[in-house]
Protein chains: 2
Amino acid sequence: MKNSQLYKGSLNTIIMRLLEEKGRMYGYEITQKVKEITQGELNITEGALYPALHKLEAEGLLDVEVEKVDNRMRKYYKLTEKGTTETVNRLAELEEFIKNMQNIVNPKLSY
Amino acid sequence: MKNSQLYKGSLNTIIMRLLEEKGRMYGYEITQKVKEITQGELNITEGALYPALHKLEAEGLLDVEVEKVDNRMRKYYKLTEKGTTETVNRLAELEEFIKNMQNIVNPKLSY
DNA sequence: AAATATACATAAGTTTCTTATACATAACAA
DNA sequence: TTGTTATGTATAAGAAACTTATGTATATTT
């Protein structure tokens with residue numbers, strides 16, 4: 001992903017969140033979108049992305065539709081019903097995680 | 001650490017940040033402090049913590065002082081000069097990371 | 001007396017990533 | 001026209017960070 005180790009473990013959540021928002025996306029599109037949102041800071045590598053997509057599909061969280069655009073193959077992914085439910089959980093976890101990390105960086109007075 | 005994968009990769013930053021704030025801490029104390037700050041949500045396991053501390057020490061980011069308290073050994077860790085400098089960088093990375101993740105969860109209108 | 005808390009440590013295995021390689025088409029630059 | 005960059009997917013080998021399990025030892029609580 002990036003040199004900063006911090007992103008480790010967040011790839012699945014990123015994918016699912018983007019799919020929740022956009023409805024469906026293909027792999028390369030995801031990498032470009034993330035690069036755009038993070039202003040080039042987070043570059044998802046293919047070696048990380050494609051295995052992650054395949055695993056989410058195998059877990060029944062994503063469905064795939066293959067299409068040919070401009071004579072090139074695209075695999076569009078979208079959330080299954082199960083995936084949509086799970087995304088809600090993961091986003092809640094992410095918000096908790098962010099809150100916890102902020103408390104560590106900038107401790108509350110109570111600590 | 002925890003079932004949520006999100007914390008993967010953040011342990012070193014957490015340790016360094018706590019040491020920056022408290023001056024010096026021993027391993028067990030770190031686990032308790034993190035548990036307290038996160039209200040029990042993040043439990044750092046010994047299998048993760050001690051190797052991490054040893055590695056940070058080997059990298060010259062931490063110094064260690066062994067003391068015996070109540071007939072039990074404690075290894076107090078503190079940041080070296082190099083470690084203090086590096087902590088500034090890591091905290092900046094962490095803030096960027098948090099910002100990026102928030103942009104993904106809650107996209108700006110510009111995207 | 002047994003269980004829990006305090007305190008450190010490591011080894012085996014798993015997961016998630018990086019790096020490298022591979023294939024294929026399209027567009028652009030030299 | 002030929003090489004490079006962009007688009008698009010895929011996998012395999014290795015590294016890194018973790019979990020789980022185990023081990024040692026003392027103090028405190030039940």
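In the text below, chain A, chain B and the rest are named by the order of the sequence lines, each starting its count at 1. For clarity, every value in this text was computed on a predicted model and none was experimentally measured. Just so it is clear, the values below take in all heavy atoms, side chains as well, and ignore hydrogens, waters and symmetry mates.
For C:dA7, one of the phosphate oxygens OP1 or OP2 lies less than 4.0 angstrom from a side-chain nitrogen or oxygen of B:Tyr26. Between A:Tyr7 and C:dC17 there is no side-chain N or O to OP1 or OP2 distance below 4.0 Å. Listed pair B:Asn71 / D:dA27 meets the phosphate criterion, a side-chain N or O lying under 4.0 Å from OP1 or OP2. Residue B:Gln5 places at least one side-chain N or O under 4.0 Å from the OP1 or OP2 atom of C:dT16. Distances shorter than 4.0 Å separate none of the side-chain N or O atoms of B:His54 from OP1 or OP2 on C:dC8.
Counting non-hydrogen atoms under 4.0 angstrom, B:Lys55 reaches the backbone sugars and phosphates but no base. Within the nucleic acid shown, A:Glu29 has no heavy atom closer than 4.0 Å to any nucleic acid atom.
In this structure, CD of A:Glu57 is placed 13 Å from P of D:dT9, rounded to the nearest angstrom. The nearest whole Å value for the distance from the OH atom in B:Tyr50 to the P atom in C:dT6 is 11 Å. B:Ile30 has its CD1 atom 13 Å from the C1' atom of C:dC8, to the nearest Å. Distance CG (A:Leu42) to P (C:dT16): 17 Å, rounded to an integer number of Å. Rounded to whole angstrom, the span from the CD atom of B:Gln32 across to the P atom of C:dA7 amounts to 9 Å. Between the P atom of C:dT16 and the CD1 atom of A:Ile14 lies a distance of 14 Å, rounded to the nearest Å. For the pair B:Lys68 NZ and C:dC8 P, the interatomic distance rounds to 13 Å; values are reported in whole Å. Atom CG of B:Leu49 is separated from atom C1' of C:dA7 by 11 Å (rounded to the nearest Å).
Without hydrogens or angle criteria, A:Glu41 side chain to A:Thr38 main chain gives no donor-acceptor distance under 3.5 Å. A donor-acceptor pair under 3.5 Å links the side-chain atoms of A:Lys82 to the main chain of A:Glu59, judged by distance alone.
Between B:Arg74 and A:Gly47, the residue anchored closer to the 5' end of DNA chain C is B:Arg74, taking for each the nucleotide with the nearest heavy atom. Checking A:Pro51 against A:Arg72, the closest nucleotide of DNA chain D that is more toward the 5' end is the one next to A:Arg72. If A:Asp70 and B:Leu53 are placed on DNA chain C by their nearest nucleotide, the residue sitting closer to the 5' end is B:Leu53.
Salt bridge A:Lys78/A:Glu65: present, at least one basic N to carboxylate O contact under 4.0 Å. Using a cut-off of 4.0 Å between Lys/Arg side-chain N and Asp/Glu carboxylate O, A:Glu86 and A:Arg90 are scored as salt-bridged.
Closest approach to the A:Lys8 side chain among D:dT9, C:dC8, D:dA17 is made by D:dA17 (side chain taken as heavy atoms from C-beta onward).
Side-chain contact of A:Glu93 with B:Ser4: a donor-acceptor pair under 3.5 Å is present, judged by distance alone.
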